[in-house]
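This report refers to the structure that appears directly beneath it.
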Number of protein chains: 2
Amino acid sequence: MTQTKTDPRVIRTRKLIMDSFITLSEGKEFKDITVKDITAEAMINRATFYHHFEDIYDLLEKALSEVLLVNLDSDTYRNDELNEETFVKIFEAVTNFQTSLSNRCHRGYEDTIARIIREQLEVLFHKLLVKQKGIGQEGALKTTAVMLSWGIYGASVEWKRNSQASPEEFIKAAVPYIEHGIHFNK
Amino acid sequence: MTQTKTDPRVIRTRKLIMDSFITLSEGKEFKDITVKDITAEAMINRATFYHHFEDIYDLLEKALSEVLLVNLDSDTYRNDELNEETFVKIFEAVTNFQTSLSNRCHRGYEDTIARIIREQLEVLFHKLLVKQKGIGQEGALKTTAVMLSWGIYGASVEWKRNSQASPEEFIKAAVPYIEHGIHFNK
DNA sequence: GGTGATTTGTCGCTTATGCAACACATTCCG
DNA sequence: CGGAATGTGTTGCATAAGCGACAAATCACC
């Protein structure tokens, strides 16, 4: 690990930008937020924004990823097994995230958000699977991770649309079937 | 006015420091707050702190001044006459400030706080008096400003200790007598 | 009192951020 | 339509902020 420590100014600036973006998101939709707005709110120069992010979509991506990961990290990486409990927690994180963000600010960008969530989930599942099943079957694990990420995301959409059940109950109903297929436990 | 515009980084850094100081003040007393705490909270380097403030007492001074001035500015500078209304508003600003800060965080620093308030008031009164009475009697106006600042501060202490009256009623009772002496209206 | 651990200020050198100006898109409105 | 206004990215040079080390002061605990 050649961990070259990042300059604290970078961390601070990123945080200022992210926070400003989230603040502004509470007031208006994504499409109405300009880079100028963000940099003004964050009290940084516009050029500095572009030093950290490709463009505003890149910011959306990274901001959402971070928000989602904050939910996941603490609960999941602690006990790093992909068992039922972990599975439920991941699902809950996604539904939390969905309900907290999707009703405001991002009309017209559901697809982007969906993609971001799936990508994050895919990475997460892949990590967990590799840790559990070991390496040497990369292709299979990758595919499994992809399927799980799509599955979880789809389930969250379905849950949001129809279900009065708690996320936990909702997803637990499906766990046995999935489990049979992917063999949660070694 | 050779208004050399201040670097936005300076403004931002000052704000970060001030905000952090106020945040920390809500948690512990002034004497327990270190420069390190502040800079950590503000996400800036300790050396940078000293680039903006002499020491932590200097910060206290400037932070309090600012908080007080925020109360005063908007209400007072608009209609820039030193009439009864303005007088009452200033008194209310001071009592608000006193009650919001003095019960927490600053035990043992009442004197410092008192001095800061008086200095701010003195500057304010002096400005208002000069604007109203014109220049050419500097000494007298200066002295008047000093007396008013001490008077208002003393009244706020007295009000805090004894009175159940509103600040407005409390100070209005004294206005006629003061007015007689200093001729509020041209 | 003494000794080790913090905290405080200060320093030269490095680096991220600000500026101002630019060409280019996009939007808005008469 | 046309042009004014606003937003987007990019650039080279100016500057505030970070680093790490330092001596001195202060604090804490025996």
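Just so it is clear: chains get the letters A, B, ... in the order the sequence lines come, proteins before strands, and each one is counted from 1. Reckoned from all heavy atoms, side chains included, excluding hydrogens, waters and symmetry mates.
Regarding B:Ile44, its CD1 atom lies at a distance of 15 Å from the P atom of C:dT17, rounded to whole Å. As a whole-Å value, the separation of B:Asp55 CG from D:dA24 C1' is 15 Å. If you take CD1 of B:Ile11 and C1' of C:dT17, they are 14 Å apart, rounded to a whole angstrom.
When all heavy atoms are compared, the tightest approach of B:Arg118 to B:Ser149 is O-CB, 3.5 Å. Nearest heavy atom pair, residue A:Ala145 against residue A:Leu129, reads N-CD1, 4.0 Å.
In terms of the side-chain contact (heavy atoms from CB on, under 4.5 Å) criterion, residue partners of A:Asp19 (sequence neighbours excluded) are, by chain and number, A:Lys15.
With the end axes of the helix from C:dG1-D:dC30 to C:dG30-D:dC1 each set by five pairs, the angle from one to the other reads 60° at 10° resolution.
Looking at B:Arg9, its side chain has no donor and acceptor atom pair within 3.5 Å of the base of D:dA17. A donor and an acceptor atom sit less than 3.5 Å apart, one in the side chain of A:Arg46 and one in the base of D:dG9.
If you look at B:Phe91 and B:Phe87, their ring centroids are not closer than 6.0 Å.
Listed nucleotides: C:dA20, D:dA17, C:dT7. Nearest to the side chain of B:Thr34: C:dT7.
The side chain of A:Asn45 places an N or O atom within less than 4.0 Å of a non-bridging phosphate oxygen (OP1 or OP2) of C:dC19.
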